[in-house]
Amino acid sequence: MPLLTRITGPRDLDRLTPEELDRLAQEIRTFLVDSVSKTGGHLGPNLGVVELTIALHRVFDSPADRVLWDTGHQAYVHKLLTGRQDFSRLRGKGGLSGYPSRAESEHDVIENSHASTVLGWADGLAKANQLLERDQHVVAVIGDGALTGGMAWEALNNIAEAKDRPLVIVVNDNERSYAPTIGGLANHLATLRTTDGYERFLARTKELLDRTPVVGKPLYETLHGAKKGLKDFIAPQGMFEDLGLKYVGPIDGHDIEALESALTRAKRFNGPVIVHCLTEKGRGYEPAEQDEADRFHGIGPIHPDTGLPIKAAAASWTSVFGDEMVKLGREREDIVAITAAMLQPVGLKKFADAFPDRIFDVGIAEQHAAVSAAGLATGGLHPVFAVYATFLNRAFDQVLMDVALHRCGVTFVLDRAGVTGDDGASHNGMWDMSMLQVVPGLSIAAPRDAEQLRAQLREAVQVEDAPTVVRYSKGVVGPAVPAVRRVGGMDVLREPGTDRPDVLLVSVGALAPMCLEIASLLDKQGISTTVVDPRWVKPVDEAMAPLAERHRVVVTVEDNSRVGGVGSAVSQSLRDAGVDVPLRDFGIPPRFLDHASRAEVMTEIGLTAPDIARQVTGLVSKLDGRYDRTETTEVEAARD
Ligand SMILES: Cc1ncc(C[n+]2csc(CCOP(=O)(O)OP(=O)(O)O)c2C)c(N)n1
Ligand SMILES: CC(=O)[C@@H](O)[C@H](O)COP(=O)(O)O
Ligand SMILES: [Mg+2]
């Protein structure tokens, strides 16, 4: 009988023999490949933490002890060992989240998938335990990539101060974020990892002890105990110890016995301690181990035997951006690019290959990226920082007070803007057009198709005295949406067919095809509609007010929070212009959205053509004083 199915909670691990533990690890790897190859997800990171997670749950007693995961994308094994083994709808509607989830389990604490926060959480929990005299261990697992994030060091600075406050920090060092982790920290971890004498000694010892099992185990334990002294002798003093943190390691992150020994020692230590574990992203699955791009960090459905994607990659917003950046790079030597540890995902690989001196990977450090961009601009270059919309949230102050206040010509390219869906609440790019509305001088473009993305990116990099933003959705770029004519800086996508039209429909970015569908549905209700794409949604185009004035109602539709988004900005601009036309704004409701496909989420929040057409029909009918629900039956039918 498979061992995995016998594990209903962490304590079921206690009775397994070392051989059974190794077998369980193998079963888990097989399970992960079989399951995640069907659903997609973070296969590589989770293959790298199988033994580590088993050892953690044997040494610590979750949920009485708190086991915390940074970013949370590597918590699949944690879920398997804490009573959640139905991965059939992983990241899908009604299925398991791809990240820890308090709604799923008392074993889960941190739900957000934004990196570098775990040490902050751990610091707070450890302080609470100390103050409330609670006997609870706190264990924080942080990747080498997440350690490049500034917040991790803010927390470490606090953690290192309290020598008597127990806290176990497990550094899951697989030398990669997506690509190899950059920077001085990565180099330092490498020093700790690759001290030759220490490594050779360790390997030789293990070899000898494996041959002498009787003497081996106690001797291995003794040497493990001696290891610390030995490492000090042959390995340089690590910066963690310089900070005042006890350091244990490096530990073979795939050796359950070694891990348990180290974690047990760390657990007994009455203060903050770092356990430095060496793991391999994608371990045990050859297609992942061979993948130099990102070791299958995050995948869509694949053929399990080859690792090849089930669906061929189609032209995405990201690839259109990446190709245009290479052209721009050739035309302008002052253009440089920045990524926060996501070179491939944001589409800058081709630019990096073409201009290796003009690409800067800053690690998972979006705040630093924004400030460094201000420096680059002040130094005479035009930086393009490509980042997922949701990850720019943490750099708001740097955009405001470093880039905008100093009128720096920096272009922020926000990928994954709008609803992303299966990565859950913290990944939707739903706040950027609200958050950035308050930044003086900053302009925001929302292209509706590939041609507009190219055009608006080029317009953005022309601005040298203020920040510009270009934001677009995740995934396949939509069909080309031609303009009928230009009004001011805006594109009219559809004429109303009458000189006294009912509705001015303001279509933001990639929602243009849906807005044209809304106009067609309204046509069937006898409601005439002009569809306009503002192109640059901030500042609101001066031609918006006079255009609105020629309509009976204005409707805005955006893939952004309704609060403080484009709808609010247009409404305010009409009021400021003295244009008294009713406005109804459609966008993402101001709440956290559960994971599901993008289409399922859009339906659930009513951001669909039938839903919006039905509501606009009701609105216009009210204006006519002839509001009658039966009139909207056709639209209801269209929706179903
Ligand atoms: C603030 C933030 N920026 C970027 C990301 C995207 N991201 C997710 S996982 C990851 C790499 C994490 O590397 P590491 O911490 O070493 O974990 P590993 O995947 O290697 O286990 C990145 C950059 C994120 N989740 N949060
Ligand atoms: C965990 C994390 O933040 C990333 O791995 C993210 O899941 C990638 O998202 P995409 O799949 O949209 O690139
Ligand atoms: Mg890593």
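What's counted below: heavy atoms across the whole structure, side chains too, no hydrogens, waters or symmetry copies. In listed order, ligands and their atoms are each counted from 1. Here the structure is a predicted model, which is why all the values come from computation and not from measurement.
Ranking protein heavy atoms by distance to atom 16 (O) of ligand 1, first place goes to G145 N, 2.7 Å. The single protein non-hydrogen atom nearest to atom 6 (C) of ligand 2 is H427 NE2, 3.3 Å, given as residue, atom name and distance.
Proximity annotation for atom 13 (O) of ligand 2: of Y388, Y99, Y178, Y388 comes nearest, heavy atoms only.
Between R394 and ligand 1 there is a heavy-atom distance shorter than 4.0 Å. Not a single heavy atom of Q74 lies less than 4.0 angstrom from ligand 1.
Remark: ligand 2 and S113 share no N or O pair separated by less than 3.5 Å (distance only, no angle test). For ligand 2, the polar-atom distance check against R416 finds a nitrogen or oxygen pair separated by under 3.5 Å.
Residues S97 and K79 form a side-chain contact, since some pair of their non-hydrogen atoms from C-beta on lies under 4.5 Å apart.
Donor-acceptor pairing under 3.5 Å is recorded for the side chains of D144 and T181.
Near-neighbour remark for the Mg ion (ligand 3): protein N, O or S atoms under 2.8 Å are D144 OD1, N174 OD1, R176 O; waters not counted.
Note that K267 lies in the cation-pi zone of F60, set by a 6.0 Å cut-off to the ring centre and a 45° limit from the axis.
Put simply, the side chain of H42 never gets that close to the backbone of G298: no donor and acceptor are under 3.5 Å apart.
A salt bridge between E600 and R91 is absent, with no side-chain N of the basic residue lying under 4.0 Å from a carboxylate O of the acidic one.
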